[in-house]
Structure formats: C-alpha cells, structure tokens
Amino acid sequence: MHQTWRRSLQLRVVSITLVASSLLVGGFAVLVAERITNILLDNATADVKERLENGRNYAESQISVYPVSYAPKLGATFEATALYLAGNDPEQVAGVVVALQADRYPSIPAATSPARVDVGPMISKELRERVVGGEVAHQIQTGDLDAGTAKYLVYGSPVPTKFGQVELYYFVPLTRWDKIAEESRSTVVATGITLVLLLGLLSALVTRLVVNPVRVASRTAQRLSAGLLDQRMVVNGEDDLALLAASFNQMATNLQRQIVRLEEMSRLQRRFTSDVSHELRTPLTTVRMAADLIFAERDEFDPAVARSAELLQAELDRFEGLLTDLLEISRFDAGFAMLDAEPTDLVPVVHRVVDRLDGLAARLGVPLRMTTPDLPVIAEVDPRRVERILRNLVGNAVEHGEGRPVEVVLGVDEQAVAITVRDHGVGLKPGEEKLVFNRFWRADPSRARQTGGTGLGLSISLEDARLHGGWLEAWGAPGQGAQFRLTLPVRAGDRLTSAPLRLVPGDATIVPVLQVPNAPRLAIGPGATPAQGTESGPEGSDHPAESPVGVPRTEVTR
C-alpha cells in the first residue's frame with residue numbers, strides 16, 4: 001500500500017479529493033441536518049405556544065366563574081376543561097395530553113386528558129417551579145404517557161382565576177417531527193455520499209486525462225534510456241499535453257542525433273587508438289631492434305653517445321609501455337576486456353609486486369613495509385590484473401613517497417579482501433582523490449616521473465577493479481600523504497558491501513576545509529579508531545569501515 005501510494009499520482013489525487021470532499025460534504029450535511037431539526041422544532045414550538053395560549057384563555061374563562069369557596073368543587077370543571085382542550089380542538093394532534101393542576105390548592109384534584117395518565121414524571125422540578133412562579137416555560141422530555149415511550153415537548157403556563165393560580169400543561173409528542181428530521185438527515189447523508197462518489201469519479205477521470213500522457217512519456221523515456229532511440233510520443237490536439245508531447249519528441253530527436261554522433265566519434269576514437277597502436281608496433285619493433293643493438297655496444301661509444309643510447313632505450317621502454325596501455329584501454333572502451341578469474345593466494349602476489357619494486361624504492365630511498373596474514377588469502381580473481389593494479393599503486397606510492405616509508409597492508413574477511421598502499425608524501429588536495437583515476441592526470445604537471453609511467457596506470461587499474469566487481473578508492477591530505485585501497489570480493493560475482501580495511505588511515509588528521517562537491521564523506525577525527533565513522537563507497541552507498549580481521553599477520557620492512 002505504501003509503495004502504491006508513492007508510485008500512483010492518480011491514487012493520491014483521488015484519495016485526497018475523496019477525503020477533502022468527505023470532510024466538506026460531511027460538515028455541510030451536519031449543518032443542514034441541524035438547521036432542519038431546528039426549523040422543525042421551532043415549528044412545533046410555535047404550534048404548541050399558539051395552542052397553549054388558546055387553552056389558557058379557555059381555561060381561565062371556565063374556572064374564573066367560581067369563587068374561592070367553591071374551590072373544592074372544581075374537580076369536575078378541571079376534568080371537563082382538560083377533556084375539551086384535548087379532544088374538541090379541530091387542530092388536534094394525535095397523542096396530545098393536557099393536564100390541569102393546582103399545586104397551591106392540594107384539595108383540588110388534578111385533571112388529565114386522557115384520564116388516569118400519570119404526567120408527574122414528565123414534569124421536572126425546575127419546570128414546575130417556573131410555572132408555579134408565574135412563567136411560561138417548556139422543556140423536552142422522553143417518557144411513556146400510555147402511548148409508548150416517545151419524546152414530548154412539554155409546555156406549561158399559569159392560568160389566573162378569582163381564587164388564585166392554576167397550571168395548564170400541554171404534552172405534545174414529537175414523533176412526527178423526529179420522523180421528518182430523520183428522513184431529512186437520511187436524504188442529506190445519501191446526497192452527500194453520492195456527491196462524494198461523483199467527485200471521486202470526476203477527479204479520477206480528470207486525473208487520468210493528465211496522468212496517462214505522463215505515463216506514456218515515462219514509458220517512452222524508459223525505452224529511450226534502454227537504447228531504443230526511435231521511440232516517440234503520439235501528439236493529439238494542440239493543448240498543453242500535446243505541446244509537452246511535441247517538446248518531448250523534439251528532445252528525443254536531438255538526443256538521438258547527439259548520441260549517434262557521440263557514439264560514432266567514440267567508435268572512431270577507439271578504432272583510431274587501436275589502429276595507431278597496432279600500426280606503431282611494426283616501426284617500434286624495428287626501432288627497438290636498432291636501439292638494442294646500439295645499447296649493447298654503448299661501451300664503445302664516447303660518453304655523450306653512450307648516454308644518448310641509454311636515454312633512447314629508456315624512452316623506447318616507456319613508449320612500448322604506452323602502446324601496451326593504449327591497447328588495453330581500447331579493449332576496455334570497446335567492452336572486450338575479459339576476466340579470467342581463478343582461486344588465487346594473494347599473499348605471494350603482494351610479495352612478488354613488492355620484490356619487483358624493491359630496487360626502485362632503494363634507489364629513491366623509500367622504505368617498503370609490507371603487512372600480510374600468515375595464512376593464505378584465497379580469492380577468485382584474475383592474478384595478472386590484480387598484480388598490475390598493485391604494481392601501479394606501489395610504483396605510484398614510491399614515486400610520490402618523498403623518501404618516507406610506503407606501507408602495503410593485506411586484509412581479509414568473509415566477503416572481501418582489501419589491499420591498502422599508504423605513502424607519506426605530499427598527499428592530495430581536496431577533490432583530487434577522484435581526479436587521480438583520470439587518464440593522463442597529474443597532480444603536479446611540472447614533476448618529473450621517476451618510474452617512466454605512461455599516465456594511464458591508475459585508469460587501467462580502476463577498470464581492472466571494476467571488471468572484478470570491486471572498488472579502487474583514494475584518500476589524501478596535503479602533507480599527510482595518500483592511501484589507495486583495492487577491495488575485491490572473495491567470490492567472483494558477489495556484491496561488495498564493506499571492506500576489511502579502512503580507506504582513511506588511523507593516524508590521519510582531518511583539517512577543516514571547504515566542502516568539495518562529490519568529495520567522499522568522512523566522519524573521522526584525530527586519533528580515531530577503525531571502528532569509527534562511515535565511508536562512501538565508489539557507488540555512492542555508505543558502508544561501514546571495519547577493522548582488519550584478527551588473524552596472525554607478518555610485517556616485513558625492506
């Protein structure tokens with residue numbers, strides 16, 4: 001129900017219309033019903049007051065002829081008067097009871113018509129006191145006056161006589177008026193319900209006229225996003241919805257034209273890169289053979305020529321690496337890269353990478369520290385690609401290490417393995433942790449390369465990590481160095497949710513800086529432990545920062 005409410009605009013509009021109209025019509029129905037009831041009660045009150053006025057005059061004329069000495073003999077006159085007032089009225093209402101009483105003269109018996117009807121419980125103390133006090137008063141009471149339980153309008157009035165005051169009461173049943181009021185309320189309720197349903201139906205029809213084109217536009221947009229660029233909306237009429245459909249079709253046409261043009265340009269670019277890389281291999285092979293021959297005989301040349309031969313050999317190595325990287329990038333761009341995953345122990349892979357770069361690190365005066373579990377770390381990966389990623393990361397850290405130690409740490413848990421490469425060099429400025437994976441990007445363009453890199457290593461490493469379904473992330477701060485983290489699933493095809501190693505080092509000190517758009521969100525302070533904070537993954541989803549698994553580990557420093 002919650003999903004349906006969130007997804008259906010028509011349901012929300014119809015529901016809100018029904019609720020609002022129900023409240024409005026319900027309030028109106030209450031007011032109308034109350035007004036009808038008041039009108040009926042006013043009519044009944046006016047009728048009884050008129051009858052009471054006539055009855056009081058008649059009773060006064062009949063009783064006033066007797067002096068006070070005849071008071072004990074007035075019982076028959078009371079009965080005759082009550083009988084006349086209850087039965088001889090041409091406007092007689094069925095069920096009306098008339099009572100004559102003399103509360104100040106207990107010797108005069110009360111008279112009612114019909115006779116022997118006990119009206120005492122129907123006259124409240126308050127009403128009796130007001131009538132005896134000389135006021136005309138009324139009230140509504142429910143009781144049984146030998147005609148079944150019903151609601152009565154009780155009116156009382158004093159009747160002056162020569163010997164004193166007597167009281168005249170009318171008991172008029174409100175059954176007919178209640179029936180009329182009930183029928184009126186039923187009519188109002190039925191009319192209100194019908195009106196609410198009609199309003200709901202009308203809102204559904206109107207909303208459908210608006211929502212249907214929006215749904216068609218949504219489905220068309222989904223087909224366009226799926227690659228069906230020839231999808232268009234049907235344009236009917238000249239109203240706002242037709243203008244929306246025409247504008248949508250024009251937008252789709254422009255997008256199709258632009259996408260086709262970009263795809264063609266991308267295809268030509270990929271083909272150009274691949275063709276150039278392949279075409280350069282033949283002359284490169286010839287130049288390589290000649291350069292190898294010259295390099296082998298460099299001891300027989302004068303020092304200037306020998307140095308030129310060495311430079312030529314180094315640049316040819318770099319050029320050959322660049323061609324290899326370009327071919328690899330072109331395969332990624334074309335979608336032809338394949339993953340040859342197999343169960344692999346990553347501990348020897350890490351050791352092998354560190355061993356190969358040990359000479360470069362020693363030449364630059366950068367100590368290499370390696371921490372790996374004592375037990376094998378088995379994961380379903382492509383060992384060639386993982387080794388290439390680590391070679392790029394460690395080589396990059398050595399080049400930017402500024403003579404300070406570079407730390408390589410391997411961690412594992414049940415779902416993932418992670419390798420972090422930490423240097424203590426110049427670090428990265430805010431926002432550069434995303435730019436380092438761009439092709440040919442350099443933090444300092446004036447900085448000379450020590451490893452002869454091509455500028456494509458981190459880009460290829462990122463593509464290799466994505467091919468595994470893993471993450472390759474970077475962290476850095478000015479003056480605190482940088483740390484790269486490679487996270488791979490233990491089983492090929494599994495979805496990563498967390499990493500066994502932290503992206504932000506525990507010894508990092510976060511300096512307050514201006515917020516950088518798209519920068520990772522880090523909740524960590526000086527001296528924070530690995531259990532603190534959360535880190536944003538490369539897909540934008542938050543995953544907890546976990547500590548390395550508590551297994552025996554070996555730390556090696558070179």
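All values below were derived from every heavy atom in this structure, side-chain atoms included, with hydrogens, water molecules and symmetry-related copies excluded.
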[X], [atom1]: over 12 other non-hydrogen atoms inside 6.0 angstrom:
X      : atom1 : answer
Arg215 : CZ    : yes
Arg12  : CZ    : yes
Glu50  : CD    : no
Glu126 : CD    : no

Can you check whether [X] reaches [Y] side chain to side chain, under 4.5 Å on heavy atoms?
X      : Y      : answer
Arg185 : Ile36  : no
Thr175 : Lys179 : no
Val96  : Tyr170 : yes
Phe437 : Phe484 : yes
Leu127 : Ser124 : yes
Asp494 : Arg491 : yes
Phe171 : Val119 : yes
Leu85  : Tyr58  : yes

Please check if the side chain of [X] supplies one atom and the backbone of [Y] the other of a donor-acceptor pair under 3.5 Å.
X      : Y      : value
Glu380 : Ala492 : yes
Asn38  : Glu34  : yes
Glu167 : Gly156 : no

Please report the shortest heavy-atom distance between [X] and [Y], naming the atom on each side.
X      : Y      : result
Pro478 : Leu428 : CD-O, 3.2 Å
Val417 : Val412 : CG1-CG2, 3.4 Å
Val25  : Gly192 : CG1-CA, 3.2 Å
Gly411 : Leu501 : N-CD1, 3.6 Å
Ala499 : Thr487 : CB-OG1, 3.7 Å
Ala465 : Leu472 : CB-CB, 3.9 Å

Full working for salt bridge (charged side-chain N to carboxylate O under 4.0 Å, His left out) between Glu53 and Arg56:
CA-CA 5 Å; Glu53 182 70 21; Arg56 183 181 61 186; 2.7 Å; yes
Positive for side chain to side chain contact (heavy atoms under 4.5 Å, CB included) with Gln101, one of Leu168, Ile123, Val131, Val166:
Ile123
Going through the checks in order, is the side chain to side chain contact (heavy atoms under 4.5 Å, CB included) test met by Leu496 and Trp471?
CA-CA 8 Å; Leu496 290 177; Trp471 303 331; 3.6 Å; yes
So, Asn254 versus Gln250: side-chain donor-acceptor pair below 3.5 Å or not?
yes
Verify the distance criterion only: is there a donor paired with an acceptor across the side chains of Thr420 and Arg502 at less than 3.5 Å?
no
Please lay out, stage by stage, how Ile419 and Val409 fare under the test side chain to side chain contact (heavy atoms under 4.5 Å, CB included).
CA-CA 6 Å; Ile419 304 171; Val409 180; over 6 Å; no
[atom2] on [Y] to [atom1] on [X], rounded to 0.5 Å:
X      : Y      : atom1 : atom2 : answer
Leu467 : Leu339 : CG    : CG    : 4.5 Å
Ser113 : Leu100 : OG    : CG    : 10.0 Å
Leu488 : Gln415 : CG    : CD    : 14.0 Å
Leu40  : Ser184 : CG    : OG    : 6.0 Å
Thr253 : Asp230 : OG1   : CG    : 10.5 Å
Leu201 : Leu197 : CG    : CG    : 8.5 Å

Between Asp507 and Arg422, does at least one N-O distance fall below 4.0 Å, as a salt bridge requires?
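Yes, this pair counts.
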Using a strict cut-off of less than 4.0 Å between a Lys/Arg side-chain nitrogen and an Asp/Glu carboxylate oxygen, indicate whether Arg261 and Glu264 qualify as a salt bridge.
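The answer is no: the pair does not qualify as a salt bridge.
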Go through Arg466 and Glu463 one step at a time and tell me if the salt bridge (charged side-chain N to carboxylate O under 4.0 Å, His left out) criterion holds.
CA-CA 5 Å; Arg466 289 175 176 172; Glu463 296 295 340; 3.8 Å; yes
Take His468 and Val381, measure what side chain to side chain contact (heavy atoms under 4.5 Å, CB included) needs, and give me the verdict at the end.
CA-CA 7 Å; His468 282 84; Val381 297; 3.8 Å; yes
Given Arg232 and Gln256, is the side chain to side chain donor-acceptor pair (under 3.5 Å) satisfied, shown in steps?
CA-CA 11 Å; Arg232 298 293 184 272; Gln256 181 182 16; 2.7 Å; yes
Carefully, step by step, assess Leu145 and Met122 under the rule side chain to side chain contact (heavy atoms under 4.5 Å, CB included).
CA-CA 9 Å; Leu145 297 180; Met122 297 290 289; 3.7 Å; yes
Verify the ring-centre separation between Tyr155 and Tyr169: is it less than 6.0 angstrom?
no
Hey, which of Arg485, Lys434, Gln483 is the one that makes side-chain hydrogen bond (donor to acceptor under 3.5 Å, both in side chains) with Glu473?
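Per the side-chain hydrogen bond (donor to acceptor under 3.5 Å, both in side chains) rule, the option paired with Glu473 is Arg485, out of Arg485, Lys434, Gln483.
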